[in-house]
Amino acid sequence: MLDNERGLYIAHCANGALSIQGKMANRHGLIAGATGTGKTVTLQVMAETFCQAGVPCFMADMKGDLSGISQVGKMSGFIEKRLPEFGIENPQFQSCPVRFYDVFGEQGHPMRATISQMGPQLLSRLMQLNDIQDGVLNIVFRIADERGLLLIDIKDLRQMLDWVSQHAKEYTTKYGNISTATIGAIQRALLQLESQGADKFFGEPSFDIYDLMQTEQGKGVMSVLAADKLMLQPKLYSTFLLWLLSELYSTLPEVGDLPQPKLVFFFDEAHMLFTDTSKALLDKIEQVIRLIRSKGVGIYFITQSPTDIPENILGQLGNRVQHALRAYTPKDQKAVKTAADTFRANPAFKTDEAIMNLETGEALVSFLDEKGAPSVVERAKVLFPLSQIGAITEGQRLDLIKQSRIYGKYDTPIDRESAFEVLMAEAEQALAEAENTEVAEAEKPAKEEKKKPGFMSKVLKAVITAVTSTLAAVLGTVVSDAVTGKKTKSRTSTTGRVAKNATSAATRTITKELTRDILGNLVK
């Protein structure tokens, strides 16, 4: 809870209150402990304390328990028993302003990002690509950028991969070999990603990170991400949160050390972020965590053991709350020893022994002092939340979603012209041109035949042959009559008519063919 004298009051020990200094809250922190030792309640206490101080928070809700932060808490036997331990007589139970989010758009406002915003590096991790496939994916992004093609959703990336596969030879000398097999492997990984529901995450309108940094009536807004379904795809969960951190880092301006953070980011199940992560990406994560504090953002990792966090990153987490750890195996004992060594020792007790004997709600606590140095570790009891402990009903959740200031802002997807539409239009145009070419090629032989120099001579020859045959037939008849002594008067007239008709027919045929040929040439 917020205390003007104590600062951000989180826990209480034998020596008094333990508080996070507001100007040191952006130096990041760690909440660790075995399952069932009270990590979620500690997270809720810290979040609502920041809320009262006017600091917005973002947190992932794994089981729905954190949704209770939206409701006013109430007295219970457990809380009443602990009041004297904290020196509190009359707790002021209160709720926090909350906005619910859901990558799948089912239990809160949708949170989307475009393929371009995610970038090839995070997409490669998400699809678990090898080095060669990662290289080809980078080439695809580069070509899309050169052509000015927007990669917004999964169908854009799929179409772009197909196009690059068809035009691979054009880019071989510039970018190297792009094999069909590699493109196919990426396509299969993309299909698997789509089947996990990622198609609902990639698209527009993309999420505006400034919606995470708002206040209502002086309190910081709590942004709660429904993660129960998202947790079934660990890669999607961790990559999504890493993208969100990267967006904060690349978008927010430098502000230096503020009296208190602009935003506190709680990263639950933090070990997933570092599992099967490449060295290049780990370096990027370390850079983001190291530098994002100068942009007014504090990051708090929640996990079971400090050993889940790489040493280079663990060393940057100055505010520590360590709940109980269990040591049943040599590996567990080593984890306990490592956790104990991360604290500044207290001569009053042995840290490694205390870690194994902590009760539920009890923790080893060490926060940074005003000069930024870690304080001596104290065995303390974490405060109880002033908001409701446990999940809310679906009706309560729906009411809060509809009452939100951003209700309707992200609910309707937008599908504007992007790589898919542009490449499909180009493919249709190329197909139409190919069909026209085929038709033209099919008509070309007949047209060229008419244009050959010998065409008319063949026509004339045919007509002359017809006339000659007719005349021969008539003359043959005249000769026959002369031999037999028949009269030839009528035959002569008949012969003349036949010859005349034959000549007229030949003339009409020649004229008709000449006219048709001349007009045909003029039209062409």
### Message
Would you call the rings of F267 and Y237 parallel, tilted or perpendicular, taking 30° and 60° as the class edges?
### Response
perpendicular

### Task
Fit a plane to each ring of H12 and Y9, take the angle between them on a 0 to 90° scale, and name the class: parallel (under 30°), tilted (30 to 60°) or perpendicular (over 60°).
perpendicular

### Residue R147 excluded, over 12 heavy atoms near CZ under 6.0 Å
yes

### Task
Evaluate the side chain to side chain contact (heavy atoms under 4.5 Å, CB included) criterion for residues I285 and L242: first the C-alpha distance (whole Å), next the side-chain angles of each, then the deciding distance (0.1 Å), finally the verdict.
CA-CA 8 Å; I285 295 171; L242 181 55; 3.6 Å; yes

### Task
Can you spot which of F240, F207, Y410 makes a ring-ring contact (aromatic ring centres under 6.0 Å, His included) with F201?
F240

### Message
Using the ring-ring contact (aromatic ring centres under 6.0 Å, His included) definition, which of the options F100, F104, Y101 pairs with H109?
### Response
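By the ring-ring contact (aromatic ring centres under 6.0 Å, His included) criterion, H109 pairs with just one of F100, F104, Y101: Y101.
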
### Task
In sequence, state the C-alpha distance, the side-chain angles, and the governing distance for K235 and Q196, and then conclude on side chain to side chain donor-acceptor pair (under 3.5 Å).
CA-CA 10 Å; K235 285 289 183 184; Q196 294 175 355; over 6 Å; no

### Query
Are Y210 and T251 close enough, and set up right, to give a side chain to side chain contact (heavy atoms under 4.5 Å, CB included), and what steps lead you there?
CA-CA 9 Å; Y210 285 100; T251 304; 3.9 Å; yes

State whether a side-chain donor-acceptor pair under 3.5 Å links [X] with [Y].
X: D228; Y: Q107; result: yes
X: Q214; Y: D211; result: yes
X: T239; Y: R125; result: yes
X: S387; Y: E48; result: yes
X: S70; Y: R397; result: no

